[in-house]
Amino acid sequence: MGINKVEIGYDEKDETKGLKVRVNDDKANLQDLLDAWQPLCDDDKLRKLYAEGQHHACRACTVNCCSTAYVIPDLIAFKKMAALTGLDYPEFVARYFQEEKLKAGLLRMRPNPCAFLQDNICTIYPVRALICRFYLCCQLAGETEQLIYSLSWTGAAAAQLFAEQTGLLPMSSPSALTSFDLMFKQLIEDYRYDPRVQLFLQSGEYGDIPLAPFM
Ligand code: SF4
Ligand code: SF4
């Protein structure tokens with residue numbers, strides 16, 4: 001049996017250090033990481049900070065963070081979500097993104113609850129954004145947190161650039177921005193000129209994005 005390209009687990013059985021990603025192959029890509037990450041969502045042995053009893057699968061979780069999530073999708077998810085809805089990009093953005101945030105230059109999906117949540121279930125689960133996939137309400141080891149953070153925000157900055165370049169973000173009249181909006185705007189600015197953004201701009205699949213530049 002071969003070694004998995006990516007493994008995730010607690011560091012030396014010490015839960016307090018948080019979940020840690022270990023990449024065993026320098027050719028591993030983002031899809032390898034997502035494949036290793038997915039089972040964590042429904043692993044009720046993990047300690048999940050906001051889940052009922054702190055050990056609950058995301059499936060059927062009654063807290064359901066999707067009802068309050070702040071989602072700015074990465075570019076790959078953005079394109080796949082649009083394709084799934086059958087809408088062209090302008091229609092997709094108009095229907096599923098928050099108008100006042102678009103005017104302020106932020107590609108935020110309609111929240112409270114998320115526009116894709118129906119009967120407490122994500123209707124686009126297989127193509128949901130990296131931010132959604134990686135959010136687990138678990139303690140993460142520092143370098144793992146940094147890894148998923150840089151992947152998610154590099155992807156979100158690519159979506160922002162794509163939206164600006166294709167006229168999807170007119171930025172007409174900025175409304176009052178909340179502290180969350182300002183924080184996310186700053187993150188997008190921080191990542192906008194990161195050369196790794198090109199990886200998302202040039203790729204159609206997570207399997208096209210190597211992990212090595214993010215490690
Ligand atoms: S990540 Fe969200 S859905 Fe999953 S257990 Fe935590 S609050 Fe519930
Ligand atoms: S896209 Fe799906 S997983 Fe993400 S917040 Fe919306 S309902 Fe939840």
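All residue numbers in this chain count up from 1 along the given sequence. Order of listing sets the numbers, starting from 1, for every ligand and every atom in it. These values consider heavy atoms only, across backbone and side chains, with no hydrogens, waters or symmetry-generated copies. Everything quoted here is computed from the prediction, not taken from an experiment.
- Scanning both residues, Asp32 and Ala28, for their nearest heavy atoms gives OD2-CA, 3.4 Å.
- Atoms of the protein (N, O or S only) found under 2.8 Å from atom 8 (Fe) of ligand 2 are Cys66 SG.
- Set against the non-hydrogen atoms of Met109, the atoms of ligand 2 under 4.0 Å away are 1 (S).
- A salt bridge links Lys103 with Glu99; the closest basic N to acidic carboxylate O contact falls under 4.0 Å.
- Checking each of Arg192, Gln186, Lys185 against Glu189 for a side-chain hydrogen bond (donor to acceptor under 3.5 Å, both in side chains) leaves exactly one that passes, namely Arg192.
- Annotation: Tyr125, atom OH; neighbour count of heavy atoms from other residues, nucleotides and ligands within 6.0 Å is above 12.
- Neither the backbone nor the side chain of Leu49 comes within contact range of ligand 1; no heavy atom lies under 4.0 Å.
- Note that CD1 of Ile148 and CG of Leu30 are 11.5 Å apart. Values are rounded to the nearest 0.5 Å.
- In summary, the atoms of ligand 1 found under 4.0 Å from a heavy atom of Ala51, numbered by their order in the structure, are 5 (S).
- Distance alone, capped at 3.5 Å, is enough to place a donor-acceptor pair between the Gln160 side chain and the Gly105 backbone.
- For ligand 1, the atoms sitting less than 4.0 Å from at least one non-hydrogen atom of Lys48 are 5 (S), numbered in the order shown with element in parentheses.
- The nearest heavy-atom contact from the protein to atom 4 (Fe) of ligand 1 is Cys58 SG, 2.3 Å.
- Counting protein heavy atoms only, atom 6 (Fe) of ligand 1 is closest to Cys137 SG, 2.4 Å.
- Taking a cut-off of under 4.0 Å to the non-hydrogen atoms of Ile124, the atoms of ligand 2 that pass are 1 (S).
- Taking the ring axis of Tyr206 as reference, the NZ or CZ atom of Lys80 does not stay both within 45° of it and closer than 6.0 Å to the ring centre.
- One N or O on the side chain of Glu91 and one on the backbone of Asp88 form a donor-acceptor pair closer than 3.5 Å.
- Short contacts between ligand 1 and Cys61, defined as distances under 4.0 Å to a heavy atom of the residue, involve ligand atoms 3 (S), 5 (S), 7 (S), 8 (Fe).
- Formation of a donor-acceptor pair under 3.5 Å by the Arg47 side chain with backbone atoms of Gln139 is not found in this model.
- A cation-pi arrangement is absent between Arg108 and Phe97, since the terminal nitrogen or guanidinium carbon is not both under 6.0 Å from the aromatic centre and inside a 45° cone about the axis.
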